[in-house]
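The structure displayed is predicted, hence computed values, not measured ones.
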Amino acid sequence: MEDKRITAEELVAGMQGDMKALAEKISEAINKAKAGRIIADSEEPVRDACAVFRRQAYQKALDLCHGRSDSAVDQPF
């Protein structure tokens with residue numbers, strides 16, 4: 001990995017759409033939760049959305065490192 005380094009700015013630029021999708025999923029989970037059960041009702045969907053985002057972020061970083069523009073994160077899981 002010594003030959004190709006990536007920057008946080010590159011990763012952020014490549015992840016903007018994914019970050020927006022994550023924010024939408026989190027807000028949807030919170031909004032669907034019943035009063036008094038926000039944590040109980042939203043914790044699992046938020047955790048799952050974060051897991052998908054984590055995989056996408058890692059894959060995007062690897063793709064940037066290897067100079068790929070056709071990221072595997074563009075494909076549905």
Any residue meeting side chain to side chain contact (heavy atoms under 4.5 Å, CB included) with Leu11, in chain and number order, not counting sequence neighbours: Met15, Lys60, Ala61, Leu64

Taking side chain to side chain contact (heavy atoms under 4.5 Å, CB included) as the definition, give me every residue that meets it alongside Ala23, ordered by chain and number, with sequence neighbours left out. none

Quick one: does Glu10's side chain have a donor or acceptor within less than 3.5 Å of a partner on Thr7's backbone? yes

If two hydrophobic side chains count as joined below 4.5 Å and joins carry through other members, does Leu22 share a cluster with Ile30? yes

Check whether any side-chain heavy atom of Met19 sits under 4.5 Å from a side-chain heavy atom of Phe53, and report yes or no. yes

When every non-hydrogen atom of Pro45 is compared with those of Ala29, the smallest separation belongs to CB-CB, 3.9 Å

Interatomic distance, [X] atom [atom1] to [Y] atom [atom2] [nearest 0.5 angstrom]:
| X | Y | atom1 | atom2 | result |
| --- | --- | --- | --- | --- |
| Gln59 | Arg54 | CD | CZ | 14.0 Å |
| His66 | Ile6 | NE2 | CD1 | 10.0 Å |
| Ile26 | Cys50 | CD1 | SG | 4.5 Å |

Residues at least two apart in sequence or cross-chain that pass salt bridge (Lys or Arg N to Asp or Glu O under 4.0 Å) with Glu28, listed by chain then number, are Lys32

Kindly write out the residues that satisfy salt bridge (Lys or Arg N to Asp or Glu O under 4.0 Å) with Lys20, not counting sequence neighbours, or none if the list is empty. Glu24

Under the rule for side chain to side chain donor-acceptor pair (under 3.5 Å), what residues qualify as partners of Arg37, not counting sequence neighbours? Asp41

Partners passing side chain to side chain donor-acceptor pair (under 3.5 Å) against Asp48 (at least two apart in sequence or in another chain): none

